[in-house]
Amino acid sequence: MNKHFNIVIAGAGGIAEAVGLILAERSKVSPTIYIGNRTLSKAQEVAHWIEKGTARAKEVKAFELNPNELSEKAKAIFQQGDILLDCLPGGLAPQMARYAKTYHLHYANLTEYVHETNQILDLARDAKTGFVLQTGLAPGYINVLAHKMFRDFCDDYKVDKVDYLGFKVGALTHHAVSPHFYGFTWSPVGVATEYVKDAIVLRNFQKTTLRSLSQRAQLIINGVLYEEDLTSGGAADLPDALASRVRTLDYKTLRHPGHYQWVSNQLKSIGYKEDIIQELQRVMEEEIPHVEDDQVVLYAAVEGKDAAGVLRRREVAKQIFPQLVGKHILRAIQATTAAPLIQAAQLLLESHLKGVILQSQISPDEFLNGDFVKSVYGKV
C-alpha cells in the first residue's frame, strides 16, 4: 500500500494469517490491520503471530466477529475501516458483503462458490464502494492470467477468436501414496464442493454447464505427469466475458494420477444424497491426511489459428513453493491465495472503482505486475 489504510480481515485461518503478514511486511506504508473471528482467542493468536513475523512498524488488532450479529465493537471497527477482506468460508460471503455495503467498505473475497457470488452480484450493483469477487488463486490469479493470454494472442496474431482457452491449478503435496494419491493442503469442504457442483464452460462458443469430474485427461507440465478434470467455480466470469470469442474454454483442477479414480469410487459408493458434499468431505477426511509441505502448480494455454491460417499455441506454467515472508514461512497455497486478494485490495483502495468488479474486468498487465502478486508469482 502506498498510504495508510485501515484494513479489516474477516477470519483467522491460514489465508487470513498470510494476508495479514504480507500486508504488514510488504506494504510501503504499513496499514492498521484488524483481525476479526468468531473466536476472539483465535483472532488474538493470529494477530500475535503477525506481529512476531515482521520487524516493521505495524498495528494489528484482534476483535470478535460474529457473522450473524455484529457487536458494538465490531460495528465501530467497520465504521472506521477502508476495506473488508473476506477470508471466511464461502457460505458466509453474502453476509460479509452486506456488512461491507452497509458500512461503506470496499470488499474483496476468495470464494469459488457460484451461488453465493451471484447473490453478491445482485447486492453490490449499486454500491458506493468497490467489490472485487473471486480474487484468490483459482478463481483469481489464474483467470486474470488466462484473460491476458487470450488478449495478447488476439492482438499479436490479428484475430478476434480462438479455438481453445484452458487454465488449470493444483494445490498439491510433493508426494502421493495409494489409494487416494492426495494430501489436504487447503479446506476439505472446498475440495468436496468443487468435486460435486457443476462446472461452467464454453463449448462451441456457447456457455453451458458440465458435471464436475466428467472430462478427465492427462498432461505433462515441466516433465511431470498430472491428471486434470473439470471442477466447479474456477472459471469465474470468463465464460460470460468470452462467449462467442472462444470455442472451448474450461477450468480444470490438477491432481496426481490416480486421485480422481479414487474420488469417483467414493462418489459411486455414497450414491446420490442431498448431503453428498458433506458425505464426501467426511470420507476424505477419514482417509486423507493434512500435509504442510505443499506446492502450487498452474498451467494456462491458448490455441487457435493466426490471420494466415497457421495453428498457434501459447502456454504458461508455474510451480510455486513455500515462501519466506518476514520471519515466517508461508505455505504455497497461503501465499498464492493471499497475494491476489491483497493486490485487489490495493486496486480498490487506490482507485475510484464502485460496484462489482469481476476477474475479466481487471486490467491484466497492471494486476499481474503489481508488487504483491509479482513477489509471489514472479513475472509473466
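Just so you know, these numbers use all the heavy atoms, side chains as well, and skip hydrogens, waters and symmetry mates.
- In this structure, NE2 in H104 is found 8.0 Å from OG1 in T129, a value given to the nearest 0.5 Å.
- Closest heavy-atom contact between V373 and F367: CB-O, 3.7 Å.
- Taking the centre of each ring, F5 and H106 stay at or above the 6.0 Å mark.
- In this structure, a donor-acceptor pair under 3.5 Å is present between the side chains of Q295 and Q319.
- Follow the hydrophobic side-chain contacts under 4.5 Å out from V302 and you never reach I221; the two are in separate clusters.
- Of all non-hydrogen atoms in P322 and I329, the two that sit nearest each other are CB-CG2, 3.9 Å.
- Salt bridge annotation for K101-D126: present, with a cationic side-chain nitrogen under 4.0 angstrom from a carboxylate oxygen.
- Between K168 and L219, the shortest heavy-atom distance links the atoms CD-CD1, 3.9 Å.
- Using modelled atom types, no side-chain atom of E228 and backbone atom of A217 make a donor-acceptor pair closer than 3.5 Å.
- Looking at K252 and D229, no side-chain N of the basic residue comes within less than 4.0 Å of a carboxylate O on the acidic one, giving no salt bridge.
- Checking side-chain atoms of T173 against main-chain N and O of D294 turns up no donor-acceptor pair under 3.5 Å.
- Looking at Q343, its side chain does come within 3.5 Å of a backbone N or O of F372 through a donor-acceptor pair.
- Ring-centre distance between H256 and F181: not below the 6.0 Å cut-off.
- Taking the six-membered ring for Trp and the full ring otherwise, the centers of H180 and Y260 sit at least 6.0 Å from each other.
- Hydrophobic clustering (side-chain heavy atoms under 4.5 Å, transitive across Ile, Leu, Val, Met, Phe, Trp, Tyr) groups V144 together with V132.
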Side chains of residues 19-28: which donor-acceptor pairs under 3.5 Å do they make with residues two or more places apart or in other chains?
residue	atom	partner	partner atom	Å
E25	OE1	T54	OG1	2.5
R26	NH1	S375	OG	2.8
S27	OG	L23	O	2.7

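- For Y226, there are no ring pair (Phe, Tyr, Trp, His ring centres under 6.0 Å) partners two or more places apart in sequence or in a different chain.
- The main-chain N or O of G166 is never found under 3.5 Å from a side-chain atom of D250 such that the two would form a donor-acceptor pair.
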Distance-only check: which donor-acceptor pairs under 3.5 Å involve side-chain atoms of residues 234-244, not counting sequence neighbours?
residue	atom	partner	partner atom	Å
D237	OD1	Q359	N	3.3
D237	OD1	S360	N	3.1
D237	OD2	S360	OG	2.5
D240	OD1	K207	NZ	2.9
D240	OD2	K207	NZ	3.3

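- Proximity of a side-chain donor or acceptor of Q266 to a complementary backbone N or O of W262 within less than 3.5 Å is detected.
- Formation of a donor-acceptor pair under 3.5 Å by the S71 side chain with backbone atoms of A74 is found in this model.
- At distances below 3.5 Å, at least one donor-acceptor pair connects side-chain atoms of D86 with backbone N or O atoms of L88.
- A salt bridge is defined here as a Lys NZ or Arg NE, NH1 or NH2 lying under 4.0 Å from an Asp or Glu carboxylate O, and D152 with K148 meets this definition.
- A donor-acceptor pair shorter than 3.5 Å can be found between the side chains of E350 and N2.
- Taking a cutoff of 4.0 Å between a charged side-chain nitrogen and a carboxylate oxygen, E292 and R331 qualify as a salt bridge.
- Within a 6.0 Å sphere centred on NZ of K354, heavy atoms belonging to other residues, nucleotides or ligands number 12 at most.
- I15 CD1 to Q334 CD: the interatomic distance, rounded to the nearest 0.5 Å, is 5.5 Å.
- The CG atom of L348 lies 11.5 Å from the CG atom of L84; values are rounded to the nearest 0.5 Å.
- Within a 6.0 Å sphere centred on CD of E366, other residues, nucleotides and ligands contribute 12 heavy atoms or fewer.
- Here the closest heavy-atom approach between residue T208 and residue R203 is recorded as CG2-CG, 4.2 Å.
- Open room surrounds CD on E274; 12 or fewer heavy atoms of other groups in view lie less than 6.0 Å from it.
- Once rounded to the nearest 0.5 Å, the distance linking CG of L298 with CD1 of I320 reads 5.5 Å.
- Legend: salt bridge (Lys or Arg N to Asp or Glu O under 4.0 Å) pairs involving residues 255-270, not counting sequence neighbours, sorted by first then second residue: E194-R255.
- Between the side chains of Q278 and Q281, no donor-acceptor pair is found at a separation under 3.5 Å.
- For the atom pair T193 OG1 and I276 CD1, the distance stands at 11.0 Å (nearest 0.5 Å).
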Pairs under 3.5 angstrom only: tabulate donor-acceptor contacts from the side chains of residues 303-312 to other protein residues two or more places apart or in another chain.
residue	atom	partner	partner atom	Å
E303	OE1	R313	NH1	2.7
D306	OD1	A308	N	2.9
D306	OD1	G309	N	3.0
D306	OD1	V310	N	2.9
D306	OD2	R312	NE	3.0
D306	OD2	R312	NH2	3.2

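- Of all the heavy atoms in Y195 and M284, the pair that sits closest is CE1-SD, 4.2 Å.
- Checked by atom type and distance alone, the side chain of S351 pairs as donor or acceptor with a backbone atom of L347 at under 3.5 Å.
- Note on L137: it clusters hydrophobically with V191, by side-chain heavy-atom contacts below 4.5 Å among ILVMFWY residues.
- With hydrogens and angles left out, the side-chain atoms of T32 and H4 include a donor and acceptor closer than 3.5 Å.
- Judged by distance alone, the side chain of H328 and the main-chain N or O of W49 form a donor-acceptor pair under 3.5 Å.
- For residues 109-149, the set of pairs meeting the ring pair (Phe, Tyr, Trp, His ring centres under 6.0 Å) definition, not counting sequence neighbours, comprises Y107-F131, Y141-Y377.
- Heavy-atom contacts from other residues, nucleotides or ligands closer than 6.0 Å to CZ of R56 number more than 12.
- Across all non-hydrogen atoms, the minimal contact from A338 to A18 is CB-CB, 3.8 Å.
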